[in-house]
Amino acid sequence: MGKRVAVVLAGCGVFDGSEIHEASAALVHLSRGGAEVKIFAPNIEQRDVVNHLKGSPAEEKRNVLVESARLARGNIQDLAELKAGEFDAVIFPGGFGVAKNLCSWAVDGKNCTVNEHVNSTLQAFHSAKKPIGLCCISPVLAAKVFPGCEVTVGQDKNIDGRFPDAETASAIAELGCKHICKNVNESHVDKANKIVTTCAFMCKAPLHEIFDGIGTMVQEVLKLA
């Protein structure tokens, strides 16, 4: 029997939803690992909608669950219906939608609030000692919900211009969590909390390196499951 893994999305598109390459990479590595996957997203309105061609706001409204269904090929459920007891692990791909729709980090930083269903999902898996995988900006969810945990968003300095969002590491530390510096093709395992993180597109790196880094995260999650 393969491991049963829930994947939680935040929309569709890097600037206002889930980062498509990260979501796809996670799903490919889960498939390769023999996992049985079900996809979820909160049934809420997006904080904003971005025209990805122009990189500017669009005057329209979209729903996170409806947009996430694009990535899930329509096979998706409302996050409110996720029951941790039916799964062995949960994974959150990144993208600005995590910081806009799953929590308010994009606006409030370390003072953010976390969506109630995202929070309850994280708490349920953590309480059941089931692994949680997060990539890109998603580790801030764990940092906010689980003070004292260990996560990585890559490096804490903008080395060679490859980590333009390195200040996120400092914000994580201000929440009382420990940031672990890792390269893009690596992940960090917080064994005490069963939280596995990798930086993905928090690093300016070739797509195959991001794909490989997410692969290490998925592999570690499946080992812990």
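In this text the structure is predicted, and so the values were computed from the model without any measurement. When reading the values below, keep in mind they use all heavy atoms of this one structure, side chains included, and skip hydrogens, waters and symmetry mates.
Asn101 places a side-chain N or O within 3.5 Å of a backbone atom of Ala10 that can act as its donor or acceptor partner. A donor-acceptor pair under 3.5 Å is absent between the side-chain atoms of His179 and the main chain of Ser170, judged by distance alone.
For the residue pair Val8 and Leu79, the shortest heavy atom distance occurs at CG2-CD1, 3.9 Å. Nearest approach of Val49 to Gln46, heavy atoms of both residues: CG2-NE2, 3.7 Å.
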Taking distance alone, no hydrogens or angles, what donor-acceptor pairs closer than 3.5 Å link side-chain atoms of residues 123-134 to residues at least two apart or in another chain?
unit_1	atom_1	unit_2	atom_2	d
His126	NE2	Asn193	OD1	2.9
Ser127	OG	Gln123	O	2.8
Lys130	NZ	Ala84	O	2.8
Lys130	NZ	Phe87	O	2.7

For Val184 and Arg162, run side chain to side chain contact (heavy atoms under 4.5 Å, CB included): C-alpha distance rounded to whole Å, both residues' side-chain angles, the deciding distance at 0.1 Å, then the answer. CA-CA 10 Å; Val184 66; Arg162 298 178 73 226; 4.2 Å; yes
Under the side chain to side chain contact (heavy atoms under 4.5 Å, CB included) criterion, do Leu27 and Ile39 qualify, and how do the steps go? CA-CA 10 Å; Leu27 293 170; Ile39 304 174; 4.2 Å; yes
Could you please spell out the steps behind the side chain to side chain contact (heavy atoms under 4.5 Å, CB included) verdict for Arg47 and Ser104? CA-CA 9 Å; Arg47 177 176 288 274; Ser104 63; 3.6 Å; yes
Could you give me the CA-CA distance, side-chain angles and deciding distance for Val118 and Cys103, then say whether side chain to side chain contact (heavy atoms under 4.5 Å, CB included) is met? CA-CA 8 Å; Val118 172; Cys103 70; over 6 Å; no
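Put simply, the side chain of Pro93 reaches to within 4.5 Å of the side chain of Val7, judged on heavy atoms.
Legend: side-chain hydrogen bond (donor to acceptor under 3.5 Å, both in side chains) pairs involving residues 70-84, not counting sequence neighbours, sorted by first then second residue: Glu67-Arg70, Gln77-Glu81.
With values rounded to the nearest 0.5 angstrom, Phe40 atom CZ is found 8.5 Å from Thr121 atom OG1. To the nearest 0.5 angstrom, Leu71 atom CG is 8.0 Å from Ile76 atom CD1.
Surrounding CZ of Phe96 are at most 12 heavy atoms belonging to other residues, nucleotides or ligands under 6.0 Å away.
Taking the ring-ring contact (aromatic ring centres under 6.0 Å, His included) definition, one finds that His21 meets it with nothing, sequence neighbours left out.
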